[in-house]
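Right, one structure below, let's go through it.
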Amino acid sequence: MDTSIKDFTSKLPQLPTSIFTKMTQLAKQYDAINISQGFPNFEPDPVLLELVSKALKSGHNQYAPMGGIYCLREIISEKIKNLYGKSYDPSSEITITVGATQAIYTAISAFVWPGDEVVVLKPAYDCYEPSIMANGGKPILVQMTGKDYKIDWEEFKNHINDKTRMVIINTPHNPSGKVFSKEDMVQLQNCLKNTNVILLSDEVYEHIVFDGFAHESVSKYPDLASRSFVCASFGKTFHATGWKMGYCAAPFELMKEFLKIHEFNVFCVNHPFQKALATYLKTPEHYLSLGGFYQEKRDLLLNALGNSRFRFTPSNGTYFQLLDYSAISEESDTSFAERLVKEHHLACIPISVFNKDQIDHKQIRVCFAKTEETLLRASEILCIM
Ligand code: PMP
Ligand code: GLN
């Protein structure tokens with residue numbers, strides 16, 4: 001007899017399987033090259049692996065302090081100060097988290113009350129809306145315009161009202177590869193002026209910017225920083241997405257509330273990895289070289305696609321590239337992506353799943369955090385489409 005409990009109301013009744021899980025499963029099923037989900041198919045720096053191994057063997061295997069070990073928070077604080085000119089107190093304004101995902105969820109959970117509105121720019125990475133809804137909030141979706149995803153700041157501003165508790169931005173932007181400009185940040189600042197709105201800035205790709213673009217962290221803008229959580233991911237920066245290590249920075253008053261949720265949700269984060277990262281971060285080259293490293297990969301891919309029928313504008317940041325297939329097919333992007341994996345053994349991500357009302361611009365997203373061999377094999381397939 002089935003005795004499982006069925007009399008409850010799901011908090012997230014409409015939630016589909018994530019597109020990353022779906023495409024990665026299809027990639028396995030069809031023995032396909034997987035350039036869908038964003039993760040490197042190469043190993044982190046052996047120096048970092050050695051530091052982790054050392055930390056594991058030298059007695060750092062019990063609970064870390066709740067917000068993270070001091071030396072890691074201190075070196076993060078120095079890094080932010082050097083790069084963006086903003087001082088965060090390591091002991092009260094920086095928290096080590098289980099990847100950026102936990103930082104994002106915790107910030108939302110600490111501040112969003114049932115009925116509150118949270119403005120999200122679409123297309124958006126998939127974790128924002130479920131986190132808002134699980135806390136009773138209402139996502140207010142503002143679509144970036146056109147195939148090149150410009151932000152209409154006037155429209156954005158029109159969605160901010162007395163019910164708006166928070167807005168979420170992401171730069172460099174997944175999936176578009178767009179990098180917010182100074183002008184964007186000034187516009188955002190104007191939109192939030194004289195409001196009590198909290199800004200959640202997802203900056204997990206902060207070090208992956210190309211062609212001389214600069215990452216515009218909200219921590220560079222005092223009027224924004226004073227109301228913001230800035231979220232970062234060591235998974236992205238050090239080719240170790242499986243470690244789920246990240247951090248966030250925020251002014252004391254905001255972080256104090258964040259920690260009340262963090263303490264009883266995770267309490268503290270993986271201790272030996274924190275130890276290793278604190279040492280590894282002492283060499284800025286380890287993160288400052290990332291833009292050049294990924295720009296080479298982007299260019300390798302785009303050169304190999306030069307004779308294909310895909311249209312593209314080179315990505316300005318992240319390790320994602322959008323490809324427009326409208327000269328190849330009129331299929332929906334989800335059908336195109338499914339055909340690509342089933343018939344051609346190449347997995348990518350259709351963009352409509354990230355858009356408001358699933359707008360379909362006939363674009364797919366490919367991840368170029370892959371070895372040269374994988375990128376060349378993938379582009380051979382794309383060139384026959
Ligand atoms: N934000 C964005 C935009 C991402 O692409 C990712 C990576 N999947 C995350 C947040 C989550 O980062 P993490 O793996 O550190 O939780
Ligand atoms: N951030 C990764 C991407 O955009 C996916 C992470 C996940 O699978 N949730 O592809």
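In listed order, ligands and their atoms are each counted from 1.
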Please determine whether residues [X] and [Y] belong to a single hydrophobic cluster, defined as Ile, Leu, Val, Met, Phe, Trp and Tyr linked transitively by side-chain heavy-atom distances below 4.5 Å.
X      : Y      : value
Val230 : Leu192 : yes
Phe320 : Phe42  : yes
Tyr149 : Val353 : yes

Would you mind running through ligand 2 and noting each atom that sits below 4.0 Å from a heavy atom of Gly38?
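In order of numbering, the contacting atoms are 2 (C), 3 (C), 10 (O).
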Atoms in ligand 2 flagged as close to Lys236, the criterion being non-hydrogen separation under 4.0 Å
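Those atoms are 1 (N).
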Nearest protein heavy-atom contact for [atom]: which residue, which atom, what distance?
atom                    : value
atom 12 (O) of ligand 1 : Ala100 CB, 3.6 Å
atom 11 (C) of ligand 1 : Thr101 OG1, 3.3 Å
atom 4 (C) of ligand 1  : Tyr205 OH, 3.6 Å
atom 8 (N) of ligand 1  : Tyr125 OH, 2.8 Å
atom 2 (C) of ligand 1  : Asp202 OD2, 3.3 Å
atom 7 (C) of ligand 1  : Lys236 NZ, 2.4 Å
atom 8 (O) of ligand 2  : Gln37 NE2, 2.6 Å

In this structure, which one of Lys122, Glu129, Glu117 forms a side chain to side chain contact (heavy atoms under 4.5 Å, CB included) with Pro139?
Glu129
Within the 6.0 Å centroid threshold, strictly below: [X] and [Y]:
X      : Y      : answer
Tyr88  : Phe229 : no
Phe238 : Tyr280 : yes
Phe336 : Tyr325 : yes
His239 : Phe293 : yes

Applying a 4.0 Å heavy-atom criterion (strictly less than), which segment of Asn174 is in contact with ligand 2: side chain, backbone, both, or neither?
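For Asn174, the contact with ligand 2 is made by the side chain alone.
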Please identify which atoms of ligand 1 are closer than 4.0 Å to at least one heavy atom of Ser233.
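Every atom of ligand 1 under 4.0 Å from some heavy atom of Ser233: 13 (P), 15 (O).
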Per-atom contacts, ligand 1 versus Gly99 - under 4.0 Å to a heavy atom:
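Atoms satisfying the 4.0 Å criterion: 15 (O), 16 (O).
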May I ask whether Met23 has any heavy atom positioned less than 4.0 angstrom from an atom of ligand 2?
no
Against ligand 2, does Tyr125 come closer than 4.0 Å with any heavy atom?
yes
With respect to His215, which candidate in Tyr205, Tyr287, Phe180, Tyr84 satisfies the ring-ring contact (aromatic ring centres under 6.0 Å, His included) definition?
Tyr84
If we only count N/O pairs under 3.5 Å, is Asn170 in contact with ligand 1?
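Such a contact does not occur with ligand 1.
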Nitrogen or oxygen of Thr241 less than 3.5 angstrom from that of ligand 1
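No; every N/O pair is 3.5 Å or more apart.
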Under 3.5 Å, N or O to N or O, is Phe320 touching ligand 2 that way?
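No, Phe320 has no N/O under 3.5 Å of an N/O on ligand 2.
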For Asp126 and ligand 2, does the shortest N/O to N/O distance drop below 3.5 Å?
no
Close approach, Val204 and ligand 1, non-hydrogen under 4.0 angstrom
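The answer is yes: ligand 1 sits under 4.0 Å from a heavy atom of Val204.
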Proximity of Lys244 to ligand 1 by residue part, where a heavy atom lies under 4.0 Å
side chain
Ile104 and Asp202: CA distance, side-chain angles, deciding distance, side-chain contact (heavy atoms from CB on, under 4.5 Å) verdict:
CA-CA 8 Å; Ile104 292 164; Asp202 179 346; 3.6 Å; yes
What heavy-atom pair brings Pro251 and Ala225 nearest, and what distance separates the two atoms?
CG-O, 3.4 Å
For the student: nearest non-hydrogen atoms of Ser326 and Lys147, plus distance
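For Ser326 versus Lys147, the nearest heavy atoms are OG-NZ, 3.8 Å.
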Among Phe354, Phe39, Tyr319, Phe20, whose heavy atom sits nearest atom 5 (C) of ligand 2?
Phe20
Say whether Asn355 and Ser352, considering side chains only, have a donor N or O and an acceptor N or O under 3.5 Å apart.
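There is no such pair between these side chains.
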